[in-house]
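Shown next, in structure tokens, is the structure this report addresses.
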Amino acid sequence: MNFNEFNFDERLLDGLYSMGYDKPTPIQEHAIPLILANKDLIACAQTGTGKTAAYLLPILNKIVKNQSNNLNTLIIAPTRELAQQIDQQVEGFAYFLGISSISVYGGGDGAAFEQQKKAMREGADIIIATPGRLIAMLTSAGSVDMSSLQHLVLDEADRMLDMGFYDDIMRIINYLPKHRQTVLFSATMPPKIRNMASRILTNPEQVNIAISKPAEGILQQAYMAFDTQKVALVKHILNEKEHNSVIVFASTKEKVKELNKELQRSGLSIKAFHSDLEQAEREQIMLAFKNKEVQILIGTDILSRGIDVDGISLVVNFDVPPDPEDYIHRIGRTARAETTGTAITFINPKDQRRFFSIENLIGTEIPKLPLPEFLGEAPLYEPEKKMDKPAGGFKKKTGFKKKFKSNNKPKTQ
Ligand code: AMP
């Protein structure tokens, strides 16, 4: 399929071709016609599938046709980083269209709040906002007129609910016209998402793209390692060969800071990214990483959703992520839009069951590589043995092995 088949405005096509988009991805192929046909939509798609363009392109096309100067679209996203990225994509696509957008998110100082509020009152076609800041805007004096709104997009809805934004979202909905098109994107579809969808969408169509499966093109590998071996192992991997851009995930910001010091000492070009940093610092680091001035970024799961940096060739999970879905989001930072990348996870004996449930979720056994010899003996991977005596809260899944695809061998890149 080709983008020409959607009957997009020529200027929109110019914008997307100039951004290097050639063919629609599967989520775009399915979601774009439904959004163009004014349907409410629940779309299950993870980052890396092209989900942002799947809703932006049809909405931009509708705004061009509409030719009104009022606020048309509200996009709500969980984090400021994602809001900024969506805004950048709007700018790219709308380059030849004269469509305006503003992003509204927390952090920054009082002046930033006033500036965003002023921009909102002056008006834009599209507002991209995080829920908390938007509520603050809507409830503060001289609030924004939402009466002309035609489209509401909830991006990464599952993440927003995980972050406790349910009440904020429901409050925001009260400020919006009832007659509107609502589109909800979520990487997962737990009951709480369906419940929210049933309250704010009308007769929605549904599109599901590869739920809980990592993008094709990611070479997934793991090492069994004791905690005492992990720092030397990550240094070995980072020094072993040249990597374009690397993200290292650790479970807590304390660990991030510690590991950052350790790796800086060995002369690597690395920056830590965590919630203790000021917004301005976070932006600066992200920019330096995007511009390839910083080669390695180390962070918590704050980095795992929606960060859209091209050319990340390696993701290292210094710890097994607590939630299998987080694993998919973390490794989705690499191999974006059909490129290739490697994701390596370190598993200590305590984390084996967690890792096993990740393998269970994605239905793939991830190869465990032997540790480099100088690191000594590695622990064995024996999740099933451990599971004969299950600890509280962990359910053994039976019949699991049969679900594995037979791709135990590492893929070559
Ligand atoms: P997303 O899932 O929206 O985070 O998009 C992942 C990445 O794929 C972003 O860098 C997009 O710019 C890129 N992308 C999305 N759709 C396409 C497409 N049809 N062709 C090429 N790249 C795309």
Side-chain angles (χ1 to χ4, degrees), residues 1-6 8 12-33 35-36 41 43-61 73 75-95 101 103 126 128 153-160 183-188 207-218 244-245 247 286-287 289-292 303-313 315 325 328-341 343:
M1 181 166 196
N2 194 296
F3 277 115
N4 287 330
E5 294 171 48
F6 298 121
F8 282 150
L12 179 58
L13 283 175
D14 287 346
L16 75 101
Y17 290 138
S18 69
M19 283 176 77
Y21 286 33
D22 185 16
K23 277 167 61 179
T25 63
I27 184 71
Q28 291 162 3
E29 214 175 299
H30 290 94
I32 289 173
I35 298 175
L36 286 174
L41 175 68
C44 192
Q46 61 199 81
T47 58
T49 55
K51 67 176 174 65
T52 318
Y55 61 79
L56 283 182
L57 294 173
I59 287 176
L60 288 170
N61 197 62
T73 297
I75 301 169
I76 308 180
T79 61
R80 37 195 132 165
E81 281 79 17
L82 183 59
Q84 286 171 325
Q85 259 167 38
I86 297 168
D87 199 18
Q88 282 161 9
Q89 288 213 30
V90 172
E91 272 175 29
F93 293 135
Y95 190 79
S101 65
S103 51
I126 301 176
I128 302 137
V153 179
L154 299 169
D155 198 352
E156 299 199 355
D158 51 349
R159 185 62 161 181
M160 291 202 273
V183 175
L184 179 151
F185 275 73
S186 187
T188 57
V207 176
N208 288 325
I209 298 294
I211 311 162
S212 297
K213 293 277 185 284
E216 294 284 326
I218 306 178
N244 267 346
S245 295
I247 296 186
M286 195 49 76
L287 193 68
F289 186 59
K290 278 191 180 181
N291 293 341
K292 317 285 180 211
L303 276 174
S304 75
R305 296 248 182 171
I307 301 303
D308 182 17
V309 175
D310 286 336
I312 294 175
S313 53
V315 168
E325 295 288 345
I328 293 162
H329 288 294
R330 285 185 181 188
I331 72 168
R333 301 306 94 222
T334 182
R336 308 197 34 98
E338 297 174 19
T339 58
T340 56

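In each ligand, atom 1 is the first atom listed, and ligand 1 is the first ligand listed. All figures in this text were calculated on a predicted structure; none of them were measured in a lab.
The shortest N or O to N or O distance between Gly50 and ligand 1 is under 3.5 Å.
Of all atoms in ligand 1, listed by their number and element, those nearer than 4.0 Å to a heavy atom of Thr52 are 1 (P), 3 (O), 4 (O). Ligand-side atoms of ligand 1 in range of Lys51: 1 (P), 2 (O), 3 (O), range being under 4.0 angstrom from any heavy atom. Set against the non-hydrogen atoms of Phe3, the atoms of ligand 1 under 4.0 Å away are 19 (N). Within the listing of ligand 1, atoms 18 (C), 19 (N), 20 (N) sit less than 4.0 angstrom from a heavy atom of Lys23.
Distance alone, capped at 3.5 Å, is enough to place a donor-acceptor pair between the Gln28 side chain and the Gly50 backbone.
Under the 4.5 Å side-chain criterion, counting only non-hydrogen atoms from C-beta, Tyr55 is not in contact with Leu41. By the 4.5 Å heavy-atom criterion applied to side chains, Pro58 and Phe6 are not counted as neighbours.
Scanning for ring-ring contact (aromatic ring centres under 6.0 Å, His included) contacts around Tyr21 gives Phe93, with sequence neighbours left out. Residues meeting the side-chain hydrogen bond (donor to acceptor under 3.5 Å, both in side chains) test with Ser186, sequence neighbours left out: Asp158.
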